[in-house]
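Read the structure below first, then the notes.
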Amino acid sequence: LTMVPSWNPFSYAIEPHLDTLVAQLRMAKTLVVSTNSLKEMFNLYNENIRVIPNAYMDGPIPEVMLDTPTYLIHPETKVSEEFVVNYLRDKTVVCWGGSATHSKDLELIKDPLVQVASENKDVVFVFIGYCVDSILKLLPTNQVLRVGNTPFRNYLPLLKHLNCNIGLAPLVDHPFN
């Protein structure tokens, strides 16, 4: 039903509750999903389904972050906002953001990340929220900046603040994605 892959750290939590989930889907007056394929999949449980595509901010990105991010350089050393500004100055900033649920997605691009780092010393990889340890160990420490977990409301202002040149969004080819 949910197609949460077994490698997802939260997959264990779904199985014991599938009966309850199905009952709730059937009782709901309306289901809201983000794609037509999800509508087709959940139509088995409820015929009153509305598709509302994933939202994006259509307009200017807010200038102000509501929460101050935590910045870390490898290995886990906190640094100041001023340090970050200087660290990224005149660099190509490549950003990825996600949680541990996206570890396999990030591992898809491990080899290209290492190659880009070795061939482009002016690149800094910014990992927002989470990063696979095996990837961090392969990248030069002077080409990595980590940002702690970031509330969604801060995400776009943070990317703007970091002057992100390239955003990465790899996804494993899986029905859940």
Side-chain angles (χ1 to χ4, degrees), residues 2-13 34-35 37 53-177:
T2 64
M3 294 189 207
V4 176
S6 60
W7 44 261
N8 183 302
F10 297 105
S11 64
Y12 73 93
S34 58
T35 66
S37 59
N54 285 327
Y56 69 97
M57 191 176 282
D58 188 16
I61 297 172
E63 296 290 329
V64 177
M65 288 183 286
L66 299 175
D67 303 286
T68 305
T70 300
Y71 300 107
L72 305 164
I73 55 171
H74 191 66
E76 306 303 320
T77 303
K78 279 188 179 182
V79 293
S80 68
E81 180 76 31
E82 182 181 351
F83 177 90
V84 171
V85 170
N86 291 325
Y87 191 68
L88 299 179
R89 183 175 285 124
D90 301 321
K91 302 288 186 188
T92 300
V93 180
V94 179
C95 295
W96 177 88
S99 68
T101 63
H102 292 283
S103 61
K104 293 289 184 193
D105 301 323
L106 190 54
E107 286 174 2
L108 280 176
I109 59 171
K110 176 172 55 175
D111 292 338
L113 291 177
V114 172
Q115 181 179 350
V116 168
S118 69
E119 295 174 2
N120 301 279
K121 301 301 180 196
D122 68 328
V123 168
V124 173
F125 294 99
V126 178
F127 297 98
I128 302 168
Y130 174 80
C131 186
V132 178
D133 286 338
S134 63
I135 292 176
L136 284 175
K137 291 175 183 172
L138 296 172
L139 296 173
T141 57
N142 66 337
Q143 287 182 267
V144 173
L145 174 68
R146 296 190 59 196
V147 180
N149 290 330
T150 300
F152 185 72
R153 66 179 179 260
N154 274 4
Y155 194 71
L156 289 177
L158 176 63
L159 293 177
K160 184 175 183 178
H161 179 71
L162 294 170
N163 198 25
C164 178
N165 302 106
I166 299 169
L168 302 174
L171 287 176
V172 170
D173 187 13
H174 188 280
F176 182 74
N177 288 334

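Worth knowing before you read on, the calculation uses all heavy atoms, side chains too, and leaves out hydrogens, waters and symmetry mates.
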Heavy-atom closest pair, residues [X] and [Y]:
{"X": "W96", "Y": "L168", "answer": "CD1-O, 3.4 Å"}
{"X": "L88", "Y": "V93", "answer": "CD2-CG2, 4.1 Å"}
{"X": "C131", "Y": "R146", "answer": "N-NH2, 4.0 Å"}
{"X": "A117", "Y": "P140", "answer": "CB-CD, 3.9 Å"}

[X] side chain to [Y] main-chain N or O, any donor-acceptor pair under 3.5 Å?
{"X": "D122", "Y": "K91", "answer": "no"}
{"X": "N120", "Y": "V116", "answer": "yes"}
{"X": "Q143", "Y": "S118", "answer": "no"}
{"X": "T150", "Y": "G148", "answer": "yes"}
{"X": "Y87", "Y": "V124", "answer": "no"}
{"X": "T92", "Y": "V123", "answer": "no"}

Measure the spacing between [atom1] of [X] and [atom2] of [Y] and express it to the nearest 0.5 Å.
{"X": "C164", "Y": "L158", "atom1": "SG", "atom2": "CG", "answer": "9.0 Å"}
{"X": "N163", "Y": "D90", "atom1": "CG", "atom2": "CG", "answer": "10.5 Å"}
{"X": "L106", "Y": "F127", "atom1": "CG", "atom2": "CZ", "answer": "5.5 Å"}
{"X": "K78", "Y": "T70", "atom1": "NZ", "atom2": "OG1", "answer": "5.0 Å"}
{"X": "I128", "Y": "L145", "atom1": "CD1", "atom2": "CG", "answer": "9.0 Å"}
{"X": "C95", "Y": "F125", "atom1": "SG", "atom2": "CZ", "answer": "10.5 Å"}

* Asked: Between Y130 and N149, does a side-chain contact (heavy atoms from CB on, under 4.5 Å) hold up when you go through it step by step?
  -> CA-CA 7 Å; Y130 174 80; N149 290 330; 5.7 Å; no
* Could you please spell out the steps behind the side-chain contact (heavy atoms from CB on, under 4.5 Å) verdict for K160 and L156? => CA-CA 6 Å; K160 184 175 183 178; L156 289 177; over 6 Å; no
* Are more than 12 heavy atoms from other residues, nucleotides or ligands located less than 6.0 Å from atom CD of E82? ->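 Incorrect, the count does not exceed 12.
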* To do: Just do the side-chain contact (heavy atoms from CB on, under 4.5 Å) check on N142 and K121 with the steps written out, would you?
  => CA-CA 9 Å; N142 66 337; K121 301 301 180 196; over 6 Å; no
* Start with the C-alpha gap between V172 and L108, add the side-chain angles, then the distance that decides, and say whether side-chain contact (heavy atoms from CB on, under 4.5 Å) holds. => CA-CA 7 Å; V172 170; L108 280 176; 4.0 Å; yes
* From the options D133, L138, L139, select the one residue that forms a side-chain contact (heavy atoms from CB on, under 4.5 Å) with I135. => L139
* Going by an N to O cut-off under 4.0 Å, is there a salt bridge joining E107 and K104? -> yes
